[in-house]
Number of protein chains: 2
Amino acid sequence: MTSTKHAPKAAPPRKARLSREVVLAAALELVDAEGVDALTMRRLGQELGRDPMSLYRYAANRAALLDGVTETVLEELTVFADDVDWQSQLRRMAHDLRRVALRHPNVVPLLVTRPLSTPLGLRPLAALRPLEQILDLLIKEGFAPADALHVYRAYYGFLYGHILNELQEYIVDPDENEAILRLGLHRLPANEFPRLRALGPVLADYNGETELDQGLSILLSGLAAQLARPHQNP
Amino acid sequence: MTSTKHAPKAAPPRKARLSREVVLAAALELVDAEGVDALTMRRLGQELGRDPMSLYRYAANRAALLDGVTETVLEELTVFADDVDWQSQLRRMAHDLRRVALRHPNVVPLLVTRPLSTPLGLRPLAALRPLEQILDLLIKEGFAPADALHVYRAYYGFLYGHILNELQEYIVDPDENEAILRLGLHRLPANEFPRLRALGPVLADYNGETELDQGLSILLSGLAAQLARPHQNP
DNA sequence: GCGTAAAGTCTACACCGTAGAGAAGGTGTC
DNA sequence: GACACCTTCTCTACGGTGTAGACTTTACGC
């Protein structure tokens with residue numbers, strides 16, 4: 001037994017200087033691996049080989065830590081600035097967000113939930129950037145600013161909704177998926193849920209990507225029909 | 001002073017028999033009034049004038065209690081069974097859900113978040129009823145079952161997204177709203193967020209109901225254009 | 001009255017976020 | 001070297017949490 005100051009409790013791997021980035025990265029890793037509930041100050045401290053209290057240097061409290069995690073995830077979004085038409089641009093950004101969400105499913109609850117407690121104006125920049133981006137895109141395309149805002153809202157609303165939907169249907173093991181589904185549906189009272197029970201097999205195979213794409217087609221064609229007379233139509 | 005067994009600590013109002021309904025109602029009241037975090041076993045017990053442990057007769061644990069609360073809220077949805085066309089039916093149901101969400105804003109995070117941990121087949125009946133309802137509606141209208149499912153997904157995705165959006169923009173005091181907004185926008189780097197900063201006044205007045213309605217119009221007209229050729233496609 | 005099952009309570013434990021005081025470590029000036 | 005200073009990190013402690021397990025009280029059929 002070596003004689004360090006006092007016996008190391010777990011496995012403090014290194015003693016490099018901490019930083020907000022390091023802390024947030026470790027926090028994200030923890031959330032990805034074990035869910036939001038696993039992210040406690042004590043646990044994260046242990047993961048970093050530090051006293052839990054040292055974290056307060058880099059985040060005011062646990063809530064701020066969670067906000068930091070969502071911000072980190074949002075920064076994974078790629079910034080597109082292409083000259084393709086606005087519809088395919090929106091498509092690309094949607095798929096991009098979807099991919100990020102699937103990469104960090106445990107963060108999604110934070111993603112949709114944390115902003116509820118922060119007025120729009122006070123959100124982290126990373127959260128506002130997509131909004132600015134889309135507004136810019138649409139206005140350049142000829143939409144009136146107010147219309148661009150409406151479009152953004154419909155679009156982003158749909159997008160968030162889709163991601164929530166998809167994660168709800170998402171189950172890790174597809175084999176188990178069908179079994180659970182069958183089992184679950186079987187439990188439903190036959191007279192009250194005839195449609196759902198009949199849909200069993202169709203429900204089982206779900207492709208989020210094409211589902212998103214189809215939804216976007218619906219939305220975009222609706223947009224075109226409703227108000228795609230940007231000022232004057234070409 | 002009457003001589004009860006031992007001095008009542010706070011204000012145990014009565015000693016009627018508990019029941020799951022009573023417990024859930026009290027839990028919902030607490031969440032509505034003070035948010036999800038305020039719903040602790042001890043606090044709820046106190047609210048009911050009972051030992052916290054007695055709650056475990058009516059919910060397996062705190063998580064189950066939260067699920068119960070969302071279920072209770074979903075049961076507030078009115079069941080429409082009218083003969084109007086499917087589009088206005090979908091509109092009605094959307095506004096109904098929106099109203100319920102606004103009545104219980106603190107429950108919305110649970111509403112969108114809890115199902116993430118429960119496979120579709122195992123959700124409470126109240127959560128599946130709208131799905132069944134809409135499937136039935138659409139299939140009766142001539143949609144192929146699989147198409148009905150797609151429509152449902154696009155529709156509900158959009159709806160949930162809208163509700164999240166609206167609650168994010170929702171601020172209690174509209175006067176303060178504009179102030180905060182201005183303040184917040186002012187903070188944004190002018191060169192990075194020109195569009196957003198320019199939209200200040202437009203952002204400030206937000207009408208969720210018409211916003212939802214417009215979004216639905218977009219979606220529904222898109223639906224009509226995309227696949228409103230029920231059964232066989234021309 | 002009595003027996004039994006349900007409903008409610010008490011105690012205790014491990015864990016949580018975090019306030020506040022202090023120790024350790026790095027860096028600049030003489 | 002010595003000293004002062006500021007940042008980073010650690011220690012200790014407090015009041016709160018969910019809930020396991022054993023206990024007591026209540027309700028009710030006979």
Side-chain angles (χ1 to χ4, degrees), chain A residues 3-27 30-31 33-70 106 110 113-114 117, chain B residues 3-27 30-31 34-70 106 109-110 113-114 117:
Chain A
S3 73
T4 37
K5 270 284 178 46
H6 42 291
K9 28 192 72 175
R14 192 106 8 233
K15 283 294 185 175
R17 190 75 142 296
L18 280 188
S19 74
R20 185 171 161 87
E21 284 70 33
V22 171
V23 170
L24 289 183
L30 194 49
V31 172
E34 309 188 27
V36 178
D37 290 342
L39 179 54
T40 72
M41 304 308 263
R42 288 170 155 90
R43 176 71 193 281
L44 183 55
Q46 175 180 323
E47 219 69 38
L48 289 165
R50 285 296 192 309
D51 187 282
M53 286 317 265
S54 67
L55 303 174
Y56 286 88
R57 197 101 356 219
Y58 307 100
N61 50 38
R62 194 180 108 103
L65 201 63
L66 293 178
D67 286 337
V69 169
T70 77
N106 291 337
L110 299 179
T113 263
R114 301 287 327 166
S117 29
Chain B
S3 72
T4 39
K5 270 280 178 48
H6 43 288
K9 30 192 70 174
R14 194 96 15 225
K15 282 294 188 176
R17 188 74 142 297
L18 280 188
S19 73
R20 185 171 161 86
E21 285 70 33
V22 171
V23 169
L24 288 183
L30 193 49
V31 171
E34 309 188 28
V36 178
D37 290 344
L39 179 53
T40 72
M41 305 307 265
R42 288 170 157 90
R43 176 73 193 281
L44 183 54
Q46 175 181 322
E47 219 69 37
L48 289 164
R50 287 295 192 311
D51 186 282
M53 286 316 251
S54 66
L55 302 174
Y56 286 88
R57 291 274 155 201
Y58 307 99
N61 49 39
R62 195 180 106 103
L65 202 62
L66 292 178
D67 286 337
V69 169
T70 77
N106 291 337
L110 299 179
T113 263
R114 300 292 322 169
S117 30

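Residue numbers begin at 1 in each chain, while the letters A, B, ... track the order of the sequences.
- Between the side chain of A/Arg42 and the base of C/dG17, a donor-acceptor pair under 3.5 Å is found.
- The shortest heavy-atom contact between A/Gly45 and A/Leu55 is N-CD1, 3.9 Å.
- Rounded to whole Å, the distance from CG on A/Leu65 to C1' on C/dT18 is 13 Å.
- Both A/Arg43 and B/Ser19 sit near DNA chain C, but only B/Ser19 has its closest nucleotide nearer the 5' end.
- Considering only side-chain N and O atoms, B/Tyr56 lies nowhere under 4.0 angstrom from the phosphate OP1 or OP2 of D/dA20.
- The distance between atom CG of A/Asn61 and atom C1' of D/dG16, rounded to the nearest whole Å, is 16 Å.
- The residue A/Ser54 sits close to a base: some heavy atom pair falls under 4.0 Å.
- Annotation: of the two residues near DNA chain D, A/Pro52 and B/Met53, the 5′-most nearest-nucleotide partner is A/Pro52.
- As a whole-Å value, the separation of B/Leu48 CG from C/dT9 C1' is 15 Å.
- The separation between A/Leu44 atom CG and D/dT10 atom P is 13 Å, rounded to whole Å.
- When rounded to the nearest whole Å, the span between CG of B/Leu18 and C1' of C/dA7 equals 9 Å.
- Taken from CZ in A/Arg62 to OG1 in A/Thr40, the straight-line distance is 7.5 Å, to the nearest 0.5 Å.
- When all heavy atoms of B/Gly35 and B/Asn106 are compared, the pair lying nearest together is N-ND2, 3.4 Å.
- Considering all non-hydrogen atoms of both residues, B/Arg50 and B/Leu18 come closest at CG-CD1, 3.9 Å.
- One finds no side-chain N or O of B/Arg57 lying less than 4.0 angstrom from the OP1 or OP2 phosphate oxygen of C/dA7.
- The distance between atom CZ of B/Arg50 and atom P of D/dT26, rounded to the nearest whole Å, is 12 Å.
- Distances were taken from every side-chain heavy atom of A/Tyr58 (C-beta onward) to each of C/dT18, D/dT8, C/dG8; the shortest belongs to D/dT8.
- In this structure, of D/dC11, D/dC9, D/dG21, it is D/dC11 that holds the atom nearest to the side chain of A/Asp51.
- Between the CZ atom of A/Arg62 and the C1' atom of C/dC16 there is a distance of 9 Å, rounded to whole Å.
- Formation of a donor-acceptor pair under 3.5 Å by the A/Arg42 side chain with backbone atoms of A/Pro52 is not found in this model.
- The nearest whole Å value for the distance from the CD atom in A/Gln46 to the C1' atom in D/dC9 is 17 Å.
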